[in-house]
Amino acid sequence: MELDKAYDHSKVEEKIYKIWEDSGFFNPDSLPGDRKEPYTIIMPPPNANAPMHLGHALFVTIEDILIRYKRMRGYKTLWQPGTDHAGFETQVVFEKKLEKEGRSRFKMQREEFYKECWDFVQSNKHITENSLRRLGASCDWSRNIFTLDPEIVKVVYATFKQMFNDGLIYRGDRLGNWCFKHQTALSDLETKYEERVEPYYYLKYGPFAISTSRPETKFGDKYVVMHPDDKRYEQYKHGDKLNLEWINGPITTTVIKDQAVDMTFGTGVMTITPWHDAVDFDLAQKHKLDKEQIIDKYGKLLPIAGEFAGMKILAARPLIIEKLKQKGLLEKIDENYKHNVQTCYKCSTLIEPQIIPQWFVAMTKPLPDSRPSLRDMAIKAVIEKKVEILTEKFEKTFMHWMENLRDWPISRQIWWGIPIPVKYCADCHEPIVDTENIISQCPKCSSANLTQDTDTFDTWFSSGQWPFATLMANDARKGLGIKDQGSDFNTYFPTQVMETGWDILFFWVARMIMFSYYKTNKPPFEKVFLHGLVRDKDRQKMSKSKGNVIDPLGVIDTYGTDALRFALIFSTAAGNDIPLAEDKIKGMKHFANKLWNIARYILAIEDVGTALEPSTITGGSRPSPTGTTPADKQILAKLDVVVNSATKNMESFNLHEAAQEIYHFVWHEFADIYIEASKEQLKNEKLKASTLSTLNFSLLTILKLLHPFMPFVTEEIWSKLNQQQLLMVAAWPKN
RNA sequence: GGACGCGUAGCUCAGUUGGUUAGAGCGCGCCGUUCACAUCGGCGAGGUCACAGGUUCAAAUCCUGUCGCGUCCACCA
């Protein structure tokens with residue numbers, strides 16, 4: 001048998017993937033042998049609309065390594081694939097596309113928009129899935145699912161209804177983060193703070209001095225707040241009324257004393273704008289104060305602003321200041337006030353807090369069946385290691401976040417997503433949960449005058465249920481109940497590992513744990529393995545919205561999937577970011593070629609026609625100790641060490657260490673030392689048998705060790721060795 | 001403001017519970033191609049493991065402090 005002089009991945013990868021896929025071994029139901037113990041990874045569903053980036057390559061590499069390893073160890077392995085409609089993310093991308101075409105969703109019908117967005121996502125979805133194939137992902141495509149598939153939506157709706165009935169979901173007039181551009185509320189996680197330098201104004205408010213960077217919010221200020229212990233304002237009592245001249249004329253203000261005021265900040269006096277500020281909102285709630293909307297949802301001033309009504313806030317600001325100045329109410333301006341402003345994480349538009357009715361999930365409210373709150377169940381699970389977050393660093397971060405958790409707003413005023421299954425009675429205003437869309441009469445007042453809620457769910461409300469929703473959906477498709485023998489949910493839940501990026505620890509992982517306990521009283525997964533971010537060569541974060549994503553398919557074309565995978569895993573400790581240098585990938589292509597040539601050397605000996613039968617060459621049984629040379633003994637001993645250590649590292653998720661030691665062994669022990677020694681030994685007829693046997697045993701073992709990391713080249717070489725079964729289901733080496 | 005992490009060879013980074021001459025990829029210097037591989041081989045240069053203390057028989061690894069860098073969370077009217 002003669003191999004090509006160099007390994008050519010382009011001739012191999014597509015062919016091998018097809019062999020794997022045709023074998024059916026991606027599907028746990030079709031694996032050879034009697035496999036009882038399941039090992040399950042639910043794939044974090046990639047955003048269906050987004051082209052693949054190196055983050056995908058990294059997660060596929062890690063998860064595929066784990067799955068292939070466990071498959072070789074005889075587990076009933078399920079890697080559940082899927083794609084994500086990614087509500088807001090996708091809508092933003094799609095709206096940008098519309099914008100380029102000179103269109104806008106605000107000029108479209110909702111149905112028209114949804115259909116176009118659906119088609120857009122569907123066409124990109126296949127591209128994403130094929131990219132996963134090119135990366136060698138050995139996931140079970142027969143179970144492939146999409147977050148908007150009806151079986152998933154059904155599970156999501158059932159959870160919503162159950163939570164609503166349990167009083168864990170409520171509709172509230174609460175202050176939310178409002179993005180003017182995207183015309184939707186956002187959760188705190190979907191906003192970011194940006195440092196800006198803006199003028200800061202000191203104003204005369206009757207006898208007081210107040211300060212603000214946002215004079216346009218001040219029209220409705222009819223309360224003035226100070227700390228009860230502040231000696232400077234002793235003469236003012238809580239509830240005192242004062243008349244004073246303000247922007248648009250005389251007003252009456254009421255003194256409020258509250259400890260929330262920081263006496264050391266500014267003058268220790270502030271006025272409040274409950275409709276547009278979180279602290280002020282809380283104060284107003286506490287003291288039952290009036291709340292007035294100053295700015296509408298398009299960022300324009302309302303009639304309360306008098307002559308400024310209808311103006312955009314930023315345009316009005318200098319005019320308001322000018323008027324204050326003319327009235328002698330402006331004391332001074334600090335032009336270089338540095339502060340952080342909250343902005344939309346997608347478009348950096350200033351976030352305006354607004355009171356808008358939204359649906360919330362109560363995170364800290366105990367469950368009606370006497371279980372603790374969603375938040376507390378998740379904290380308990382992590383403390384008790386029912387869910388183990390790998391690396392202490394992330395566990396700490398997780399706990400810190402959980403302990404400060406607030407209620408979660410789950411409604412969005414966008415169109416791309418799962419509609420909230422609620423109707424409102426126009427007569428008695430009762431919200432009616434209608435998950436089947438069959439209710440036409442208000443159960444309370446019998447009115448037939450019902451209107452549909454127009455909001456959609458936060459994507460994470462549905463993807464937070466992904467681990468059990470996917471398995472339940474699989475069962476629904478097969479007509480199985482979740483408790484039936486052999487159902488996916490029964491067999492594969494809880495799953496073993498959740499592998500994902502640390503950047504969605506709060507968005508996703510935390511929510512999955514909470515939903516899972518709520519719904520099943522079990523953890524969704526036993527371990528959480530968080531990988532870092534693949535950064536570009538300037539260490540910049542790669543993201544769809546920044547447009548700096550590097551297409552991994554180009555790198556694969558040049559160097560091969562195995563090289564990319566090995567480069568990604570090679571120096572990747574859990575949780576550390578990875579700046580990917582192309583040189584590293586190139587080096588790993590060389591390694592694949594090295595492996596190829598090791599096999600080529602061994603196979604060539606066979607062709608040269610030694611005394612050995614091919615069966616001996618390819619049998620791969622461990623050489624018997626008698627008749628081996630010190631060199632044979634040494635390499636076999638080292639092989640044992642590597643098998644041992646690599647196995648240990650695979651079990652403890654130190655994949656990069658396993659990769660490194662295998663690499664070192666193959667190149668610098670086996671090739672550099674033993675193969676060189678073998679050339680001399682083969683000249684001696686008496687040593688030929690044991691030498692060949694040592695070479696072959698070592699090679700076969702190496703192929704098994706490397707297969708999870710470099711599946712293509714190892715499977716290809718394996719096939720040249722006339723093996724009966726595929727390497728992907730060969731047994732992991734033991735010693 | 002709160003929390004977390006990092007500082008190891010010219011560059012990018014590994015180094016699990018403290019234990020022999022601290023590693024990899026790339027780069028660099030010299031030598032070597034009929035004999036698996038030039039996508040290679042051999043030899044080599046290069047690190048006071050940020051700094052200062054401490055614990056220990058033993059510290060890159062544990063503790064304290066200093067300097068420098070970064071991340072996350074929250075946010076002052």
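Worth saying up front: this structure is predicted, and the values here are computed from it rather than measured. Within every chain, numbering begins at 1; the chains are lettered A, B, ... in the order of the sequence lines, protein sequences first and strands thereafter.
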Taking atom [atom1] in both [N] and [M], what distance in whole Å separates the two?
{"N": "B/U61", "M": "B/G19", "atom1": "P", "result": "11 Å"}
{"N": "B/A24", "M": "B/G41", "atom1": "P", "result": "13 Å"}
{"N": "B/C26", "M": "B/C35", "atom1": "C1'", "result": "30 Å"}
{"N": "B/G47", "M": "B/U55", "atom1": "P", "result": "30 Å"}
{"N": "B/C13", "M": "B/U56", "atom1": "P", "result": "37 Å"}
{"N": "B/A14", "M": "B/G7", "atom1": "C1'", "result": "15 Å"}
{"N": "B/G25", "M": "B/U8", "atom1": "C1'", "result": "15 Å"}
{"N": "B/G27", "M": "B/G44", "atom1": "C1'", "result": "15 Å"}

How is [X] classified with respect to the nucleic acid when contacts are heavy atoms under 4.0 Å: base, sugar-phosphate, or nothing?
{"X": "A/His339", "value": "sugar-phosphate"}
{"X": "A/Val225", "value": "nothing"}
{"X": "A/Tyr337", "value": "sugar-phosphate"}
{"X": "A/Thr212", "value": "sugar-phosphate"}
{"X": "A/Thr271", "value": "sugar-phosphate"}

- Per-nucleotide protein contact along nucleotides 34-43 of chain B, 5' to 3', at a 4.0 Å heavy-atom cut-off (B base, S sugar-phosphate only, - neither), is --BBSBSSS-
Could you go over nucleotides 28-32 of chain B and give all protein N or O partners under 3.5 Å, atom names and distances?
none

Between [X] and [Y], a side-chain donor and acceptor under 3.5 Å:
{"X": "A/Glu499", "Y": "A/His531", "result": "yes"}
{"X": "A/Glu716", "Y": "A/Tyr7", "result": "no"}
{"X": "A/His227", "Y": "A/Gln259", "result": "no"}
{"X": "A/Gln681", "Y": "A/Lys688", "result": "no"}
{"X": "A/Thr267", "Y": "A/Tyr202", "result": "no"}

- Message: Test of understanding: with side-chain contact (heavy atoms from CB on, under 4.5 Å), list the residues that count as partners of A/Ala278, not counting sequence neighbours.
- Response: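 A/Ala278 satisfies side-chain contact (heavy atoms from CB on, under 4.5 Å) with A/Leu175 only.
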Could you pull out all residues at least two apart from [X] that satisfy side chain to side chain donor-acceptor pair (under 3.5 Å)?
{"X": "A/Lys638", "result": "A/Glu669"}
{"X": "A/Gln342", "result": "A/Asn177, A/Thr191"}
{"X": "A/Thr558", "result": "none"}
{"X": "A/Asn404", "result": "none"}

- Query: A/Asn654 side chain: which of B/C73, B/U16, B/A77 is closest?
  - Reply: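 The closest nucleotide is B/U16.
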- Query: Where the side chain of A/Lys584 is defined as all heavy atoms beyond and including C-beta, which of B/C73, B/A77, B/G25 is the nearest nucleotide?
  - Reply: B/G25
- Item | Along RNA chain B (nearest heavy atom to each residue), the more 5'-positioned of A/Asp280 and A/Lys586 | A/Lys586
- Query: Taking for each residue the nucleotide of RNA chain B with the nearest heavy atom, is it A/Phe506 or A/Glu194 whose nucleotide lies nearer the 5' end?
  - Reply: A/Phe506
- Query: Should A/Lys527 and A/Phe653 count as side-chain neighbours, where that means a heavy-atom distance under 4.5 Å?
  - Reply: yes
- Query: Is A/Thr343 close to A/Thr349 at the side-chain level, that is, under 4.5 Å between some pair of heavy atoms?
  - Reply: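 Not in contact.
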Rounded distance in Å - [atom1] ([X]) to [atom2] ([N]):
{"X": "A/Ile351", "N": "B/A74", "atom1": "CD1", "atom2": "C1'", "result": "16 Å"}
{"X": "A/Asn340", "N": "B/C72", "atom1": "CG", "atom2": "C1'", "result": "14 Å"}
{"X": "A/Asp277", "N": "B/C75", "atom1": "CG", "atom2": "P", "result": "10 Å"}

Would you list the protein and nucleotides 1-4 of chain B atom pairs, both N or O, that sit under 3.5 Å from each other?
none

- Query: Between A/His656 and B/G15, is there a side-chain N or O to OP1/OP2 distance below 4.0 Å?
  - Reply: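 It does, given that an N or O in the side chain of A/His656 lies less than 4.0 Å from OP1 or OP2 of B/G15.
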- Message: Can you see if the side chain of A/Tyr193 gets near the phosphate of B/C72 - specifically, an N or O under 4.0 Å from OP1 or OP2?
- Response: no
- Message: Going by ring-ring contact (aromatic ring centres under 6.0 Å, His included), name the pairs with one or both residues in residues 267-288 of chain A, residues two or more places apart or in two chains.
- Response: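 Every ring-ring contact (aromatic ring centres under 6.0 Å, His included) pair that includes a residue of residues 267-288 of chain A, provided the two are not neighbours, is A/His238-A/His287.
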- Message: Checking A/Glu194 now: which residues fulfil salt bridge (charged side-chain N to carboxylate O under 4.0 Å, His left out) with it, not counting sequence neighbours?
- Response: A/Lys192, A/Arg196
- Would you mind listing every salt bridge (Lys or Arg N to Asp or Glu O under 4.0 Å) that reaches into residues 272-287 of chain A, with sequence neighbours excluded?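 Output for this query lists A/Asp258-A/Lys286.
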- Message: Counting runs of three or more consecutive pairs, Watson-Crick or G-U wobble, with each distance below 3.5 Å, where are the stems of RNA chain B?
- Response: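 Stems found: B:1-7 with B:67-73, B:10-13 with B:23-26, B:28-32 with B:40-44, B:50-54 with B:62-66.
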